[in-house]
Peer 1: 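Attaching a single structure in structure tokens format; questions to follow.
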Amino acid sequence: MADHTQTNLITLSRHVLAEQRAHKNATGDLTLLLVSIQLGCKFVATCVRKAGIVNLTGLAGAENVQGEAQKKLDVLANEIFINSLRSSGKVAVMVSEEDEEIIVVGEQDRDGEHAHYAVVFDPLDGSSNIEAGVSIGTIFGIYKILPGSKGSTTDVLRPGREMVAAGYCMYGSSTSLVMSAGGGKVHGYTLDTTIGEFILTHPNIRIPSRGKIYSINEGNSVYWDEACKEYFGALKTREVNGKPAPYSARYVGSMVADVHRTILYGGIFAYPADKKSKSGKLRVLYECYPMAFLVEQAGGRASTGHARMLEYVPTKIHERSPIFLGSAEDVADLEACYAKHANGKKA
């Protein structure tokens with residue numbers, strides 16, 4: 001019988017080291033930081049798998065800074081990533097969805113002058129879905145701290161285009177880690193639990209220029225502005241060559257799961273501002289920026305509806321924003337719809 005076991009697997013560590021060697025000026029610091037992040041992802045993946053067995057579901061008895069009830073797994077995931085990032089020695093400052101203030105890493109946990117990164121992250125996105133067994137995930141973005149800085153709020157209140165890397169890890173039927181360090185390259189890795197390693201399974205991901213799926217919470221449609229109503233209404237009544245060709249609706253309610261599908265299959269993911277959430281609901285630093293970075297690197301487009309998402313400059317670490325991202329042509333159509341309504345108001 002033939003043995004189909006692969007013996008030349010490309011692990012995440014092997015892959016990022018190979019990418020590092022391709023850049024003559026690379027110091028290896030970002031590589032070590034990414035290795036620390038993958039360790040945190042493995043730890044959280046294990047906790048998610050056994051959450052129902054060891055009583056990690058349910059409420060932790062507190063609220064996070066967003067006013068959301070914290071789940072037990074939320075708290076644990078946050079601690080795991082803070083410790084993983086701190087232990088890398090490469091991080092000067094962190095921002096977590098679960099902490100009201102920035103987390104400045106002490107000098108004793110820094111690798112001297114090599115601690116020149118700021119990491120923003122949502123340790124467990126979609127945690128309200130934990131008990132339903134729906135895919136949840138971790139989202140992260142990485143900046144280089146500003147010259148001369150020792151780590152402060154200023155290092156993260158910057159446009160998303162200044163990020164040097166971003167990614168997410170999705171915990172579902174399998175554990176998938178998707179990330180990019182720029183250069184128009186986005187790679188996907190799947191955790192092989194038998195050897196405890198992330199394996200390269202989706203090299204050079206490219207998002208289709210146009211998709212056939214839209215992903216938005218239509219339960220909020222009564223609160224949408226007119227541009228949003230018109231655009232998504234048109235997707236349902238769309239025709240091609242005189243024949244019905246509507247988009248399909250797919251909405252999980254976990255950003256990581258919805259964006260993952262959008263990156264692989266194309267289409268548009270949206271969480272607009274509306275009458276109920278006038279600034280949008282998703283956080284700029286650790287939800288909108290990392291996902292916008294990934295989508296753009298994969299050949300897609302990300303927007304606030306009026307401008308490029310990665311050009312937005314936040315003034316607070318937990319600031320919110322509307323976001324539309326996905327296939328370049330779909331998002332361009334959405335922006336055109338908003339521009340039409342804006343011009344109509346001016347007229």
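Heavy-atom basis, side chains included; hydrogens, waters and symmetry copies ignored.
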Peer 1: Closer than 3.5 angstrom, by distance alone: can the side chain of Ser135 be matched with the main-chain N or O of Ala257 as a donor-acceptor pair?
Peer 2: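 No; zero donor-acceptor contacts below 3.5 Å.
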
Peer 1: Can a salt bridge be assigned to the pair Arg283 and Glu319 using a cut-off of 4.0 Å between side-chain N and carboxylate O?
Peer 2: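 Salt bridge: no.
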
Peer 1: Suppose we screen for side-chain contact (heavy atoms from CB on, under 4.5 Å). Which residues come up paired with Thr193, at least two apart in sequence or across chains?
Peer 2: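 Once residues adjacent in sequence are excluded, the partners of Thr193 under the side-chain contact (heavy atoms from CB on, under 4.5 Å) criterion are Arg49, Leu191.
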
Peer 1: His202: which residues meet the ring pair (Phe, Tyr, Trp, His ring centres under 6.0 Å) condition with it, sequence neighbours left out?
Peer 2: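 Partners of His202 by the ring pair (Phe, Tyr, Trp, His ring centres under 6.0 Å) criterion come out as none, since no residue qualifies.
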
Peer 1: Side-chain atoms of residues 84-91: list all donor-acceptor pairs with protein atoms under 3.5 Å, sequence neighbours left out, distances to 0.1 Å.
Peer 2:
unit_1 : atom_1 : unit_2 : atom_2 : d
Ser84  : OG     : Ile80  : O      : 3.0
Arg86  : NH1    : Asn83  : OD1    : 3.4
Ser87  : OG     : Asn83  : O      : 3.2
Ser87  : OG     : Ser84  : O      : 2.9
Ser88  : OG     : Leu85  : O      : 2.7
Ser88  : OG     : Lys90  : N      : 3.2
Lys90  : NZ     : Asp29  : OD1    : 3.1
Lys90  : NZ     : Asp111 : OD2    : 2.5

Peer 1: For atom CD of Glu113, is the number of surrounding heavy atoms from other residues, nucleotides or ligands below 6.0 Å larger than 12?
Peer 2: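 No.
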
Peer 1: Could you go through the side-chain hydrogen bond (donor to acceptor under 3.5 Å, both in side chains) check for Glu97 and His318 one step at a time?
Peer 2: CA-CA 7 Å; Glu97 185 205 25; His318 297 295; over 6 Å; no

Peer 1: Which residues satisfy the ring pair (Phe, Tyr, Trp, His ring centres under 6.0 Å) test with Phe81, sequence neighbours excluded?
Peer 2: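 None.
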
Peer 1: Quick check against the 3.5 Å criterion: does Tyr312 have a side-chain atom that pairs as donor or acceptor with the backbone of Tyr289?
Peer 2: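 Such a contact is absent between Tyr312 side chain and Tyr289 backbone.
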
Peer 1: Running the 4.5 Å side-chain criterion over Ile, Leu, Val, Met, Phe, Trp and Tyr, what cluster does Leu17 land in, apart from itself?
Peer 2: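 ILVMFWY cluster around Leu17 holds nothing else.
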
Peer 1: Enumerate, atom names and distances included, each donor-acceptor pair closer than 3.5 Å involving a side-chain atom of residues 241-252, sequence neighbours excluded.
Peer 2:
unit_1 : atom_1 : unit_2 : atom_2 : d
Tyr247 : OH     : Arg210 : NH1    : 3.3
Tyr247 : OH     : Gly211 : O      : 3.0
Tyr247 : OH     : Asp330 : OD1    : 2.5

Peer 1: Could you tell me which residues satisfy ring pair (Phe, Tyr, Trp, His ring centres under 6.0 Å) with Phe324, sequence neighbours excluded, listed by chain and number?
Peer 2: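 Testing Phe324 for ring pair (Phe, Tyr, Trp, His ring centres under 6.0 Å), a comparison that skips the adjacent residues, returns Tyr338.
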
Peer 1: Taking ring pair (Phe, Tyr, Trp, His ring centres under 6.0 Å) as the definition, give me every residue that meets it alongside Tyr189, ordered by chain and number, with sequence neighbours left out.
Peer 2: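 For Tyr189 the ring pair (Phe, Tyr, Trp, His ring centres under 6.0 Å) partners, ignoring immediate neighbours, are His15.
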
Peer 1: Does any non-hydrogen side-chain atom of Cys41 lie less than 4.5 Å from one of Tyr171?
Peer 2: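 In contact.
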
Peer 1: Please tabulate, for the side chains in residues 266-278, all donor-acceptor contacts under 3.5 angstrom to protein atoms that are two or more places apart in sequence or on a different chain.
Peer 2:
unit_1 : atom_1 : unit_2 : atom_2 : d
Asp274 : OD1    : Lys276 : N      : 2.9
Asp274 : OD1    : Ser277 : N      : 2.6
Lys276 : NZ     : Asn220 : OD1    : 3.1

Peer 1: Less than 4.0 Å between a side-chain N and a carboxylate O, is that true for Arg14 and Glu19?
Peer 2: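 Looking at Arg14 together with Glu19, the answer is no, because their closest N to O distance does not fall below 4.0 Å.
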
Peer 1: Any side-chain donor-acceptor pair under 3.5 Å between Ser96 and Tyr286?
Peer 2: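 Looking only at side-chain atoms, Tyr286 and Ser96 do not form any donor-acceptor pair under 3.5 Å.
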
Peer 1: Test: salt bridge (Lys or Arg N to Asp or Glu O under 4.0 Å). Region: residues 187-206. Which pairs qualify, not counting sequence neighbours?
Peer 2: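 Sorted result for residues 187-206: Lys42-Glu197.
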
Peer 1: Are the side chains of Met94 and Val120 in contact, using a 4.5 Å heavy-atom criterion?
Peer 2: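 Val120 vs Met94: side chains apart.
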
Peer 1: Distance-only check: which donor-acceptor pairs under 3.5 Å involve side-chain atoms of residues 291-305, not counting sequence neighbours?
Peer 2:
unit_1 : atom_1 : unit_2 : atom_2 : d
Glu296 : OE1    : Arg308 : NE     : 3.3
Glu296 : OE1    : Arg308 : NH2    : 2.8
Glu296 : OE2    : Arg308 : NE     : 2.9
Gln297 : OE1    : Gly183 : N      : 3.4
Gln297 : OE1    : Gly184 : N      : 2.6
Arg301 : NE     : Glu335 : OE1    : 2.7
Arg301 : NH2    : Glu335 : OE1    : 2.7
Ser303 : OG     : Gly305 : N      : 2.7
Ser303 : OG     : Ala307 : O      : 3.1
Ser303 : OG     : Glu335 : OE2    : 2.8
Thr304 : OG1    : His306 : N      : 3.3
Thr304 : OG1    : Ala307 : N      : 3.2
Thr304 : OG1    : Ala307 : O      : 3.3

Peer 1: Locate the shortest heavy-atom distance separating Val156 from Ala118; write the atom from each residue and the value.
Peer 2: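 Taking Val156 first and Ala118 second, the nearest heavy atoms are CG1-CB, 3.8 Å.
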
Peer 1: For Ile207, what are the other residues in its hydrophobic cluster, where any two members join if their side-chain heavy atoms are less than 4.5 angstrom apart?
Peer 2: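 Same cluster as Ile207: nobody, lone residue.
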
Peer 1: One pair to check against side chain to side chain contact (heavy atoms under 4.5 Å, CB included): Val75 and Glu98. What are the steps and the verdict?
Peer 2: CA-CA 8 Å; Val75 178; Glu98 302 296 333; 5.9 Å; no

